[in-house]
Amino acid sequence: QVQLVESGGGLVQPGGSLRLTCAASGSIFSVNAMGWYRQAPGKQRELVALITFIGAGATNYADSVKGRFTISRDNAKNMVFLQMNSLQPEDTAVYYCNGIVSATTIRGPYSYWGQGTQVTVSS
């Protein structure tokens, strides 16, 4: 079993910044990729950013956050980060950490999710 624990959400004014952190723990054999998704009220969950834990770490960003958000990883600690700059009200959502992880206890990889953290951008 794998658990993802998030931190860093909160309230910020437009133009401000937040840094989200997600740590994977448990019976981890290997991590293929980790990413961030978000879901605003009444909307579908969408991919924000993704990074592989293989090789140099290829990244993928939603068009709406390109140039403003940066995803990064710490392979040794099984952690992923999301630096969010120039935040706007439309970024308000619950942000979820996701990991594609192979566990030592069961054959994988499987998708695991964090509990979500609220990001609110408001004056």
Side-chain angles (χ1 to χ4, degrees):
Q1 292 292 95
V2 176
Q3 300 82 42
L4 304 181
V5 179
E6 305 169 357
S7 62
L11 175 65
V12 66
Q13 294 184 342
S17 298
L18 286 173
R19 181 177 172 87
L20 305 183
T21 298
C22 177
S25 62
S27 302
I28 298 173
F29 178 76
S30 64
V31 177
N32 287 13
M34 296 182 72
W36 294 92
Y37 293 73
R38 67 186 181 188
Q39 187 168 19
K43 294 187 176 181
Q44 282 283 90
R45 183 180 62 188
E46 65 173 347
L47 173 68
V48 177
L50 178 71
I51 187 168
T52 73
F53 275 56
I54 302 171
T59 59
N60 188 34
Y61 294 92
D63 289 342
S64 59
V65 307
K66 287 180 179 177
R68 300 188 298 121
F69 292 9
T70 303
I71 190 169
S72 59
R73 68 183 187 183
D74 187 333
N75 294 58
K77 297 180 179 179
N78 294 322
M79 297 180 69
V80 67
F81 311 92
L82 185 67
Q83 179 66 45
M84 304 184 293
N85 298 327
S86 301
L87 284 162
Q88 301 299 316
E90 55 264 35
D91 297 314
T92 296
V94 178
Y95 284 70
Y96 297 92
C97 180
N98 174 258
I100 307 300
V101 180
S102 294
T104 59
T105 53
I106 59 173
R107 183 178 296 274
Y110 294 102
S111 178
Y112 298 88
W113 292 92
Q115 77 286 353
T117 184
Q118 178 71 47
V119 172
T120 302
V121 185
S122 176
S123 299

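Quick caveat: nothing in here was measured; it's all calculated off a predicted structure. When a residue number appears, it is its place in the shown sequence, counting from 1.
- Pairs passing the disulfide (SG to SG under 2.5 Å) check and including a residue from residues 51-83, sequence neighbours excluded, do not occur.
- Distance check: Asn32 CG to Ser111 OG gives 11.0 Å after rounding to the nearest 0.5 Å.
- Hydrophobic side-chain contacts under 4.5 Å tie Phe29 to no other Ile, Leu, Val, Met, Phe, Trp or Tyr residue.
- Residue Leu82 is not grouped with residue Tyr37 when hydrophobic side chains (ILVMFWY) are merged at heavy-atom distances under 4.5 angstrom, including chains of intermediate members.
- In this structure, CD in Gln1 is found 11.5 Å from CD1 in Ile28, a value given to the nearest 0.5 Å.
- Judged as a side chain to side chain donor-acceptor pair (under 3.5 Å), the pairs with a partner in residues 67-76 (not counting sequence neighbours) are, in order, Arg68-Asp91, Arg73-Asn75.
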Tabulate below the donor-acceptor pairs under 3.5 Å that side-chain atoms of residues 46-57 make, not counting sequence neighbours, or state none.
residue : atom : partner : partner atom : Å
Glu46   : OE2  : Arg38   : NE           : 2.8
Glu46   : OE2  : Arg38   : NH2          : 3.4
Thr52   : OG1  : Ile54   : O            : 3.2
Thr52   : OG1  : Ala58   : N            : 3.1

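- Here the closest non-hydrogen pair linking Gln115 and Val5 is OE1-CA, 4.1 Å.
- In terms of the ring-ring contact (aromatic ring centres under 6.0 Å, His included) criterion, Tyr112 has no residue partners (sequence neighbours excluded).
- Here Gln118 pairs with Thr120 under the side-chain hydrogen bond (donor to acceptor under 3.5 Å, both in side chains) rule; sequence neighbours left out.
- For Lys66, the side-chain hydrogen bond (donor to acceptor under 3.5 Å, both in side chains) criterion is met by Asp63, not counting sequence neighbours.
- In this structure, Tyr61 is a member of the same hydrophobic cluster as Val80, with clusters built from ILVMFWY side-chain heavy atoms closer than 4.5 Å.
- What you find for Ser102 and Gly108 is that their closest heavy atoms are OG-C, 3.8 Å.
- Using cut-offs of 30° and 60° for the angle between ring planes, the Tyr96 and Trp113 rings count as perpendicular.
- Residue pairs meeting the salt bridge (Lys or Arg N to Asp or Glu O under 4.0 Å) criterion with at least one partner in residues 21-37, sequence neighbours excluded, do not occur; the list is empty.
- Nearest heavy-atom pair, Lys43 versus Gln39, reported as atom, atom and distance to 0.1 Å: O-NE2, 3.1 Å.
- Cluster note: Phe81 groups with Met79 through ILVMFWY side-chain heavy atoms spaced under 4.5 Å, whether in direct contact or through intervening members.
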Counting only pairs under 3.5 Å, give me each side-chain donor-acceptor contact of residues 6-27, with atom names and distances, residues two or more places apart or in other chains.
residue : atom : partner : partner atom : Å
Glu6    : OE1  : Gly116  : N            : 3.2
Glu6    : OE1  : Thr117  : N            : 3.3
Glu6    : OE2  : Cys97   : N            : 2.4
Ser17   : OG   : Asn85   : OD1          : 2.9

